[in-house]
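Remember, it's a predicted structure, so these values are computed and weren't measured experimentally. Naming: A, B, ... by sequence-line order, numbering from 1 per chain.
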Protein chains: 2
Amino acid sequence: MATEIPDIVIGRLPLYLRALTHLAEKGQTTTSSHELGQRLGISSAQIRKDLSHFGEFGKQGTGYHINFLIDQLRHILHLNLVWSIAIVGAGYLGHALAHYQGFEQRGFRVAWVFDNDPQRVGETVNGVEVRHINDMIACLREEHVQMALLAVPTEAAQETADMLIEAGITAILSYAPINLKVPVGVQVQYSDPVVQMQRMTYYLNATAQYPET
Amino acid sequence: MATEIPDIVIGRLPLYLRALTHLAEKGQTTTSSHELGQRLGISSAQIRKDLSHFGEFGKQGTGYHINFLIDQLRHILHLNLVWSIAIVGAGYLGHALAHYQGFEQRGFRVAWVFDNDPQRVGETVNGVEVRHINDMIACLREEHVQMALLAVPTEAAQETADMLIEAGITAILSYAPINLKVPVGVQVQYSDPVVQMQRMTYYLNATAQYPET
DNA sequence: CTAGAATTGTGAAAAGTTGCACGAATGGTT
DNA sequence: AACCATTCGTGCAACTTTTCACAATTCTAG
Ligand SMILES: NC(=O)c1ccc[n+]([C@@H]2O[C@H](COP(=O)([O-])OP(=O)(O)OC[C@H]3O[C@@H](n4cnc5c(N)ncnc54)[C@H](O)[C@@H]3O)[C@@H](O)[C@H]2O)c1
Ligand SMILES: NC(=O)c1ccc[n+]([C@@H]2O[C@H](COP(=O)([O-])OP(=O)(O)OC[C@H]3O[C@@H](n4cnc5c(N)ncnc54)[C@H](O)[C@@H]3O)[C@@H](O)[C@H]2O)c1
């Protein structure tokens, strides 16, 4: 039970948390592994087994108390505090991210926005002033910021990631469609819509779109 | 070899394609499973085994001819045509997506943008006119559009997905942080930055951010 | 032409993940 | 109190995915 917990299990916890929060908002107070599994398209056994890595949170016959389980998951995922994050690149995507309303309730706060375009620097995005990229390392170091969202053009992604690492960042969510080289100890997650779309076209029928050809 | 190919293998092909395209743009003409694996953080054996599901694309001693392999992957993933896609929701995220420059070169074309806000309808986003959501089903049906990006508020996501399905859409990339209920045969991919961020906080040190507390 | 280095494709082994099925506990109902 | 319907946590079996390791092939260079 105290052994290393598989990454794949950790990866599902935020989904459980999201679904539980949704149920709580609807006023529900308890749920079962079966109900949760149905909503998520995951087997109930898997949910029970995943949770059992961390303790015994449920009650036979009853299931799980939603608020209690939410608290436990928040604690496990280190979401019992609010993480300050930086957004790098204040273009279309950077603006969208800075305006995203989902961060606050889920454990994150956009504390910094950086760009290298003098036109953009000084502008305020959703209450946060855009700072120049040259100040980035100093700002993030001082505040011990650990996580950044990378939304700069592809060509600038690697060098910007290098700067982030120099600034002490250890978790990056990158939107640039390239694989970053980072030292061990730095986590990277990627978000590339085209990769997800291309995963789906494999299963689509290519002739349906142009029926006459 | 003609058996069902695992989803997990299909999921890696777009990453191979992306890395190969990157190499091709740098002027390189051949590569090896080893080099590709290094860049992607994947073992060379895995790359060879994945590709071997579809044929023998390499040459012993030499490796893979990049352009040839790109062609093969495009063909496998049905990217030898351009897929017309619809964006639903022309808010911050919808705008960012509509302006994304990575679609054209990688097999997709933003053909439609829909919103329900009369203020937004009629506006032009990156050359595409925003249409009213009430026209959506008719438009998409007529043009046999198969894929949509869903960027409406969370509360509207399920009903909008239902409309998309009624319109004949069979592949959805949803940015709303909820699990959609869809009939079998409809593919859904999700993109929720917070889920990815919460995956990373598990491994972060919660005391580092506020060293004095 | 030959030797040696590089690299593929793949069967078999190892490692990792999921699903099954059941004892044990709980709460509601008669 | 006895019974029944639920539901958890978990050992074990089944399945999936990754890695290993090697014969076969190709290219280069002497
Ligand atoms: N727009 C989307 O929906 C979308 C979707 C997926 C991925 N992406 C990726 O996200 C990234 C940004 O996309 P975008 O549409 O916002 O582009 P954009 O051009 O609108 O924005 C990029 C911003 O980064 C700034 N910038 C450029 N170089 C910089 C540097 N060295 N340091 C700091 N800032 C710098 C620019 O001034 C600009 O404001 C790109 O890599 C793109 O491929 C975008
Ligand atoms: N902004 C981000 O970076 C971001 C990131 C991840 C996820 N998301 C999610 O993406 C979605 C959109 O986010 P956003 O920031 O663009 O929000 P937004 O409010 O800026 O945009 C939403 C748009 O959808 C339109 N809309 C509302 N109801 C509609 C309906 N029934 N049919 C059609 N259009 C409708 C609105 O008029 C608006 O233009 C949300 O679910 C959000 O949680 C946003």
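The nearest whole Å value for the distance from the CD1 atom in B/Ile47 to the C1' atom in C/dT7 is 13 Å. Atom pair A/Glu35:CD and D/dA5:C1' shows a separation of 17 Å (rounding to whole Å applied). Following rounding to the nearest Å, B/His53 (NE2) and D/dT18 (C1') show an atom-to-atom distance of 12 Å. One interatomic measurement links the two molecules: CG of A/Asp50 to C1' of C/dT18, which rounds to 10 Å at whole-angstrom precision. Remark: C1' of D/dG9 and CD of A/Gln72 are 16 Å apart, rounded to the nearest angstrom. In this structure, CD1 of A/Ile5 is placed 15 Å from C1' of C/dG16, rounded to the nearest angstrom. Look at CD on A/Glu56: it is 18 Å from P on D/dT7, rounded to the nearest Å. When the P atom of D/dT18 is taken as reference, atom CG of A/Asp7 falls 13 Å away, rounded to whole Å.
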Atom pairs and distances, donor-acceptor, side-chain atoms in residues 22-36 of chain B, under 3.5 Å, two or more places apart:
{"residue": "B/Gln28", "atom": "NE2", "partner": "B/Thr30", "partner atom": "O", "Å": "3.1"}
{"residue": "B/Gln28", "atom": "NE2", "partner": "B/Glu35", "partner atom": "OE1", "Å": "2.9"}
{"residue": "B/Gln28", "atom": "NE2", "partner": "B/Glu35", "partner atom": "OE2", "Å": "3.1"}
{"residue": "B/Thr31", "atom": "OG1", "partner": "B/Glu35", "partner atom": "OE1", "Å": "2.3"}
{"residue": "B/Ser32", "atom": "OG", "partner": "B/His34", "partner atom": "N", "Å": "3.4"}
{"residue": "B/Ser32", "atom": "OG", "partner": "B/Glu35", "partner atom": "N", "Å": "3.1"}
{"residue": "B/Ser33", "atom": "OG", "partner": "B/Arg48", "partner atom": "NH1", "Å": "3.1"}

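OP1 or OP2 of D/dT19 has at least one side-chain nitrogen or oxygen of B/Ser43 nearer than 4.0 Å. Close to C/dA6, at under 4.0 Å from its OP1 or OP2, lies no side-chain N or O of B/Tyr64. Remark: A/Arg48 is in phosphate contact with D/dC8, judged by side-chain N or O atoms under 4.0 Å from OP1 or OP2. Put simply, A/Ser33 has no side-chain N or O that comes within less than 4.0 Å of OP1 or OP2 on D/dT7.
Just one residue in the list A/Val125, A/Val128, A/Leu149, A/Leu93 forms a side chain to side chain contact (heavy atoms under 4.5 Å, CB included) with A/Ile87, and that residue is A/Leu149.
Checking D/dA21, D/dT17, C/dG19 against every side-chain atom of B/Ala45, the shortest atom distance belongs to D/dA21. Nearest nucleotide to the side chain of A/Pro6, out of C/dT17, C/dG9, D/dT10: C/dT17. Of all nucleotides listed (C/dT18, C/dT10, D/dG9), C/dT18 comes nearest to the side chain of A/Gln46.
The aromatic rings of B/Phe103 and B/Phe108 sit perpendicular to each other, their planes meeting at more than 60°, with 30° as the lower class boundary. Relative ring orientation between B/Tyr202 and A/His78 is described as parallel, the plane-to-plane angle staying below 30° on a 0-90° scale split at 30° and 60°.
Among the atoms of the strands shown, none is found under 4.0 Å from any heavy atom of A/Leu51.
A pairwise comparison of heavy atoms in B/Val145 and B/Ala86 identifies CG1-N, 4.3 Å as the closest pair.
Residue A/Leu97 holds its CG atom at 11.5 Å from CG of A/Asn126, rounded to the nearest 0.5 Å.
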Output one line per pair: protein atom, nucleotide atom from nucleotides 11-15 of chain D, and distance, for all N/O pairs under 3.5 Å.
{"residue": "D/dG11", "atom": "O6", "partner": "A/Lys49", "partner atom": "NZ", "Å": "3.1"}
{"residue": "D/dC12", "atom": "N4", "partner": "A/Lys49", "partner atom": "NZ", "Å": "3.1"}

Dump every N/O contact between nucleotides 26-29 of chain D and the protein below 3.5 Å, one line per pair.
{"residue": "D/dT26", "atom": "O4'", "partner": "B/Gln60", "partner atom": "O", "Å": "3.1"}

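With hydrogens and angles disregarded, a donor-acceptor distance shorter than 3.5 Å links the side chain of A/Arg18 to the backbone of B/Pro177.
Under the 4.5 Å side-chain criterion, counting only non-hydrogen atoms from C-beta, A/Glu143 is in contact with A/Trp112. By the 4.5 Å heavy-atom criterion applied to side chains, A/Val9 and A/Phe54 are counted as neighbours. Annotation: side chain of B/Gln158 is in contact with side chain of B/Lys181 (closest heavy-atom distance under 4.5 Å).
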